[in-house]
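Bear in mind the structure is a predicted one, so any value in this text is a computation, not a measurement. So that the names make sense, note that chain A is the first sequence line, chain B the second, and so on, each numbered from 1.
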Protein chains: 2
Amino acid sequence: MPRNSAAEARKTREAIVARATDVASVAGLEGVTIGRLASDLGMSKAGVIGQFGSKAELQMAALDAASQAFVEAVWTPAADKAPGLPRLLAIGDAWVDYVARPPYEGGCFWTAVSTEFDTRGGPVHEAVRERGQQWRKVLRREIASTIDAGDLPTDLDPDQALFEFESIPMGLNQSIQLYGDTRAPARARTALRRVLGVET
Amino acid sequence: MPRNSAAEARKTREAIVARATDVASVAGLEGVTIGRLASDLGMSKAGVIGQFGSKAELQMAALDAASQAFVEAVWTPAADKAPGLPRLLAIGDAWVDYVARPPYEGGCFWTAVSTEFDTRGGPVHEAVRERGQQWRKVLRREIASTIDAGDLPTDLDPDQALFEFESIPMGLNQSIQLYGDTRAPARARTALRRVLGVET
DNA sequence: CCTACCGATCGGTAGG
DNA sequence: CCTACCGATCGGTAGG
């Protein structure tokens, strides 16, 4: 039984998850080890794992937290905009900002984790896949309603645009993290507009 | 001293490296463990690590092998083509084929390893970065000479085109490996042509 | 949330 | 390229 109150336990849990997302952005979700979190946080291993039960549950909690932070940073600000091109570009630009100035040590959490788990089985793989597909559906809907609004070329294929749109933040993350290319964010913004067939 | 001849030692080394690249495509280069390779290959751990000296050297050897295989699959066939658009499109299409039907269990080795090591220090990070930059230079040169040949719109910015061109195989790998999207290769081919401003 | 502990596996080495 | 071994760390548990 914990000696701390429920409120203190929740704060501890949040600190563990915050550290886990940071470590995962650098070393991947498999690189998040209970011993390392314990050492980083000045806790015992039993204290770290106690609230989660298993490493897989801790990984899921980190994935949940990072997904929520992503949506808040990229989708929530755009939700205020009018549906159509203004909202779609707001999403794209916020996404570029998020990848260019990520809240984690190792850059975009999602890029790190989605490539890490793309070909592995198990519950974390399924969770990553589901989160990604949810986001894809959101983007697909925004692109389709932008076409409906008459804001995009009528011959634009929404699935083709979605494929290209999604690829850009991945290329951006590599340009920044691997090559340190400071001009990449501007190129990504230009690329998003080219994909949509709108003027820069 | 090994009991085997030099030729046998070389064959053993090749088998170790081949298994290592396969494992790395799924579990990353850190997921390549000496014990697992030994078990997969029916060898002792000392036998696996003996020819390399350290895990980092084994990782480097796997990286070298995968880089060589990539160049042979993507660049070598295109080298026969005329410089300009035919060669550039041959590179792009071979790249799409390579990502769509990769010779490794876990899909594109490069995508897995470059995101794994993008924000870590150390010799493997440096090697990944150098290999990537070499390939970028090759692509940059092909794009520039295609513009010089008059095969592309004169207002095309080669660095912008390079950024977009490179992003596509990354998006393709995710669409295939994470989402199992069988229409993604065709979309990637279309995207490469759109990036270059040529008709489909 | 701690101490103390478990079996398994990690990278690597000595010696043949 | 093998056996036998090293200290360190892994995820996790018992008991408080």
Side-chain angles (χ1 to χ4, degrees), chain A residues 1-21 23-24 26-63 116-117 120-125 127, chain B residues 1-21 23-24 26-63 116-117 120-125 127:
Chain A
M1 277 299 165
R3 281 196 293 269
N4 284 347
S5 71
E8 283 168 329
R10 189 162 39 78
K11 275 187 63 178
T12 301
R13 185 189 168 100
E14 281 166 12
I16 295 168
V17 170
R19 186 72 200 124
T21 50
V23 172
V26 177
L29 273 174
E30 288 300 335
V32 175
T33 67
I34 298 162
R36 181 174 172 181
L37 291 181
S39 152
D40 288 355
L41 296 166
M43 295 174 61
S44 67
K45 292 203 306 173
V48 168
I49 200 64
Q51 296 202 41
F52 302 93
S54 70
K55 179 173 174 175
E57 287 302 318
L58 204 169
Q59 289 174 319
M60 297 290 234
L63 182 62
E116 184 184 9
F117 280 92
R120 298 188 211 185
V124 180
H125 165 85
Chain B
M1 279 297 167
R3 282 197 293 270
N4 285 346
S5 71
E8 282 167 330
R10 189 162 38 76
K11 276 187 62 179
T12 300
R13 185 188 167 99
E14 283 167 10
I16 295 167
V17 170
R19 185 74 201 126
T21 50
V23 172
V26 177
L29 273 173
E30 289 298 335
V32 175
T33 67
I34 299 163
R36 180 175 172 180
L37 291 181
S39 151
D40 288 355
L41 296 165
M43 294 174 62
S44 68
K45 291 203 306 174
V48 168
I49 200 64
Q51 295 202 41
F52 302 93
S54 70
K55 178 173 174 175
E57 287 301 316
L58 203 169
Q59 290 174 318
M60 297 289 232
L63 182 61
E116 184 184 8
F117 280 92
R120 299 188 212 186
V124 180
H125 165 86

Chemist: Carefully, step by step, assess V32(B) and Q59(B) under the rule side-chain contact (heavy atoms from CB on, under 4.5 Å).
Modeler: CA-CA 8 Å; V32(B) 175; Q59(B) 290 174 318; 5.5 Å; no
Chemist: Toward the 5' end of DNA chain D, which comes first, A46(A) or R36(A), by nearest nucleotide?
Modeler: R36(A)
Chemist: What's the CZ-P distance between R10(A) and dC1(C), to the nearest Å?
Modeler: 12 Å
Chemist: Do you know which two heavy atoms are closest between A127(B) and L63(B), and how far apart they sit?
Modeler: CB-CD2, 3.5 Å
Chemist: How far does CE of M43(B) sit from CD1 of I49(B), to the nearest 0.5 angstrom?
Modeler: 10.5 Å
Chemist: With both distances kept under 3.5 Å, what pairs with dG15(D), Watson-Crick or G-U wobble?
Modeler: dC2(C)
Chemist: Just checking S44(A): base, sugar-phosphate only, or nothing, at a heavy-atom cut-off of under 4.0 Å?
Modeler: base
Chemist: Can you tell me how far C1' of dC5(C) sits from CD1 of I49(A), to the nearest Å?
Modeler: 17 Å
Chemist: Mapping E30(B) and I16(A) onto DNA chain C by nearest heavy atom, which one lands closer to the 5' end?
Modeler: I16(A)
Chemist: First locate atom CD1 of I16(A), then atom CD1 of I34(A), and finally report the distance between them rounded to the nearest 0.5 Å.
Modeler: 10.5 Å
Chemist: For the pair made of NZ in K11(B) and C1' in dC1(D), what is the distance, rounded to whole Å?
Modeler: 15 Å
Chemist: Measure the distance from CD on E57(A) to P on dG11(D) and round it to the nearest whole Å.
Modeler: 15 Å
Chemist: Nearest of dG12(C), dG11(D), dC2(D) to any side-chain atom of M43(B)?
Modeler: dC2(D)
Chemist: Would you kindly check whether a donor in the side chain of K55(A) faces an acceptor in the base of dG12(D), or vice versa, at under 3.5 angstrom?
Modeler: no
Chemist: In whole angstroms, how far is the P atom of dG12(D) from the CG atom of L37(A)?
Modeler: 12 Å
Chemist: Please report the distance, rounded to the nearest Å, between CD in Q51(B) and C1' in dG12(C).
Modeler: 16 Å
Chemist: Please report, rounded to the nearest Å, how far the C1' atom of dG11(D) is from the NZ atom of K45(A).
Modeler: 6 Å
Chemist: If you check every side-chain atom of T12(B), which of dT13(D), dG12(D), dC1(D) has the closest atom?
Modeler: dC1(D)
Chemist: From CG of L58(B) over to P of dG11(C), roughly how many Å is that when rounded to an integer?
Modeler: 10 Å
Chemist: So what does I34(B) touch, heavy atoms closer than 4.0 Å: a base, only the sugar-phosphate, or nothing?
Modeler: sugar-phosphate
Chemist: Using a cut-off of 4.0 Å on non-hydrogen atoms, how would the nucleic acid contact of G35(A) be classed: base, sugar-phosphate, or nothing?
Modeler: sugar-phosphate
Chemist: Look up atom CZ in R13(A) and atom CD in Q51(A), then write down how far apart they are to the nearest 0.5 Å.
Modeler: 6.0 Å
